[in-house]
Number of protein chains: 2
Amino acid sequence: MIIDRDSPIPQYFQLQTWLHEQIEQGVFKPGDRIPTEEELGQVVGLARATIRQAIQNLVNMGYLVRKRRLGTFVLEKVAAPSTQTIIGLLIPDIRRGYAPVLARGVQDEAAKNNHSLILCDTDDLYIKADFHADRMIENSVSGVIFVPTAVSDGQNQSIIDKFQRNKIPVVLVDRSLPTVDIDCVTSDNIKGAYDLTEYLIKRGHKRIGITLSTLINTERDRLEGYKKALRDHGIPIDEKLILTHSGPFNEGRYLKFVRTLLKAESKVTAVFAGHDSIALLFYSQAGKMGISIPDDISVVGYDDLDLPLISLTTIHQPIYEMGQESLKLIMTRIRGEVNSTQKIVLETYLVERSSVKSLNTSN
Amino acid sequence: MIIDRDSPIPQYFQLQTWLHEQIEQGVFKPGDRIPTEEELGQVVGLARATIRQAIQNLVNMGYLVRKRRLGTFVLEKVAAPSTQTIIGLLIPDIRRGYAPVLARGVQDEAAKNNHSLILCDTDDLYIKADFHADRMIENSVSGVIFVPTAVSDGQNQSIIDKFQRNKIPVVLVDRSLPTVDIDCVTSDNIKGAYDLTEYLIKRGHKRIGITLSTLINTERDRLEGYKKALRDHGIPIDEKLILTHSGPFNEGRYLKFVRTLLKAESKVTAVFAGHDSIALLFYSQAGKMGISIPDDISVVGYDDLDLPLISLTTIHQPIYEMGQESLKLIMTRIRGEVNSTQKIVLETYLVERSSVKSLNTSN
DNA sequence: TATGTCCATTTGTCTATACAATTATACGAA
DNA sequence: TTCGTATAATTGTATAGACAAATGGACATA
């Protein structure tokens, strides 16, 4: 008999122990249904409430699940999922560009999933990214959302490796690493830049300057989209109108480029600023040089930052949504729901404002 | 009555929730004995088995401990000897105003102390602040830096209480609560506004409009500084030039105020914008109305946000430093180094740019 | 095929009752 | 004082019975 009614050990506990043994010994295997409370009551000769007490304890201990109308089942013994519910976000600088919006998107989605967000700024420096990565691992984050630093792919790779060695899933946002097979959420910079350039071309612009950084692949993609649009419309690419720089964003450097393009000798009728912050430099320089936008020169940007006082035609990047998507993606990884690498590319769209003048007489 | 027998929510769960609340709110304090099962049964009119079910769940959750013959007691909520090195930051919205700079200040200082930063946005809503507070407590943060929400002091107080019941130190930043004796880091808004107003007066301005929110005590202080400066210089206060609103920042509302002040009838020669974001509205509206700043009207702001394209005379608030100081303060609390309440007031200074015209002929 | 309805089964919630086990406290005896 | 013992209070264990709620599956209907 399973239950010894004379034992000082409570009967519910005797039953609980017996059930536990059956599970541990594989008599009841994961997925199996154990007898109903009614049946157990008959077999061991105990009241249903007593049976329930034994079963409830095993449910609390994670050995069983009850399902209404179906019965009680043995659970797959899973390693207790870490009680930590923290996601790490590694971005260049919370004060710059779209970072606050991205952080907010991640955070709102994290809140929906009952996770908190640890925020770390890398300043695009490997050493800071590495430092924060260590701290995140120490604080046992469940996953990391990483905007790769504007340094070598190898260094970014080594940050990612560090997380993966600790079995922490990583999702890249905005900037991807072509050589690394890893989940990422980006937008289609080639298409966005293509659309934007085509927009200028259709308004009669032929000499279109561009200035951006070749350090980050998002901006390299924009350059590619720009060139492709020119080629497709039979406009020769003039390398003198392409002013690039391979380092991180530096205001003084770009101010030089901006001045060069604004000078009458350049004869450009429109400029493509690699991102909205550069477009802003065009506005401030043009003001100083007595040049009017868009009357004297047209300017387009990229990002659609919330810029007061100017009305810039630009490409809207769904930054907030990228934050949300990257968090959703990391949650599926944490829950172990997917295996194959996910590459999510979000749509961008052109926002027409009034920084571009149409040169078409018919228009 | 505590129990609603018509509710679809199980009665044991209603009781459990109620008990949980009593504990959270400190009605039952750690060490207290709660009523016996018998007593509870009498009070709420439930069978003892039902009472037990509620209590058992709370025991499992670690809120209560039962002792035979003695009763059931509230447990000291011992945050596992926190190896956690995380600080929580509760701010209204990381995307707005100075929030990114504050967050960065906190974070850089946290990094120096080997702590990480959990970021939570409240949107100035009590319910969100409360939600994030619970999550921070769950993640056992070592301390919290809190920008009070723009709601009633009582609600802010209840957030603070929640942390303090869990022995988590709290520091207020920017906005203080006059009725609460708690560490805080602020800047002297009365003096800043006084200096700024005096600056205008010394340049010959007598009709000075002001528009701000009276919801937050920082802005109320600025209004006070403005009035004091006028009084001290023998300029009568014209209530018609004071346009206030008692709700949270709302662009439409302030645009109306801005237009009123810009109209020629108002005859103001200068306006004091409650913060830089409002100053920005003056610029955008003035542009539309063909009014030139500072030639037709002078404008000053408050905060010294990094505003591109305009050259606004404003009061610099040491936001980054406030973030740093608040973190330093919380670290001293965590290390238990101080006992008395610390009220740190940082210096502000006037940044003279070119949004103010001098009306003095001699100048 | 798709959709709605009903039924039987199983767990979920709740009551009422009884006795057992534990233990702080008081009290009495050594 | 010290030790043992009785007592009362409180939680622990257990029973028996009732109705509620969810739901897979069978069956009927559109």
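Residue numbers start from 1 in every chain, and the chains themselves are labelled A, B, ... in the order their sequence lines are given, proteins ahead of strands. What you see below is based on every heavy atom in this structure, not just the backbone, and it leaves out hydrogens, waters and symmetry mates. Worth saying up front: this structure is predicted, and the values here are computed from it rather than measured.
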Please report, rounded to the nearest Å, how far the [atom2] atom of [N] is from the [atom1] atom of [X].
| X | N | atom1 | atom2 | answer |
| --- | --- | --- | --- | --- |
| B:Tyr12 | C:dT15 | OH | P | 13 Å |
| A:Gln53 | C:dG12 | CD | P | 15 Å |
| A:Gln42 | D:dA16 | CD | P | 12 Å |
| B:Leu46 | C:dG12 | CG | P | 19 Å |
| B:Arg33 | D:dT11 | CZ | P | 7 Å |
| A:Ile51 | D:dG17 | CD1 | P | 15 Å |
| B:Leu64 | D:dT10 | CG | C1' | 15 Å |
| A:Leu40 | D:dA14 | CG | C1' | 16 Å |

Remember a base hit wins even if backbone is also touched, and classify A:Glu38 as base, sugar-phosphate or nothing at under 4.0 Å, heavy atoms.
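A:Glu38: no heavy atom of the nucleic acid under 4.0 Å.
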Would you indicate what A:Gln11 reaches in the nucleic acid, counting non-hydrogen atoms under 4.0 angstrom: base, sugar-phosphate, or nothing?
sugar-phosphate
Side-chain contact check for B:Arg52: nearest option of C:dG12, D:dT13, C:dT10 is D:dT13
When you measure from the side chain of A:Glu37, which nucleotide among D:dT11, C:dT11, C:dT10 comes out closest?
C:dT11
Given 3.5 Å as the limit, does a donor-acceptor pair link the side chain of A:Asn189 with the main chain of A:Ser187, or not?
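Indeed, once roles are kept as given, a pair shorter than 3.5 Å links the two residues.
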With a 4.0 Å limit, can you tell me whether [X] has a side-chain N or O closer than that to the phosphate oxygens OP1/OP2 of [N]?
| X | N | result |
| --- | --- | --- |
| A:Arg66 | C:dT10 | no |
| A:Thr72 | C:dT11 | yes |
| A:Thr50 | D:dT15 | yes |
| B:Arg68 | C:dA20 | no |

Distance-minimising heavy-atom pair for A:Pro100 and A:Ile94:
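Scanning both residues completely, I find the closest heavy atoms to be CG-O, 3.2 Å.
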By nearest heavy atom, map A:Phe13 and A:Leu70 onto DNA chain D; which one lands nearer the 5' end?
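Between the two, 5'-proximity favours A:Phe13.
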Is B:Arg96 salt-bridged to B:Asp93, going by a charged N under 4.0 Å from an acidic O?
yes
Would you mind writing out the side-chain donor-acceptor pairs for residues 343-350 of chain A within the sub-3.5 Å range, not counting sequence neighbours?
from: A:Lys343; atom 1: NZ; to: A:Ile182; atom 2: O; distance (Å): 3.1

Mark yes or no for a side-chain to base donor-acceptor pair under 3.5 Å between B:Arg48 and D:dG12, with no hydrogen or angle criteria applied.
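Present.
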Indicate the ring-plane relationship of B:Tyr63 and B:His20, choosing parallel, tilted or perpendicular according to the 30° and 60° boundaries.
tilted
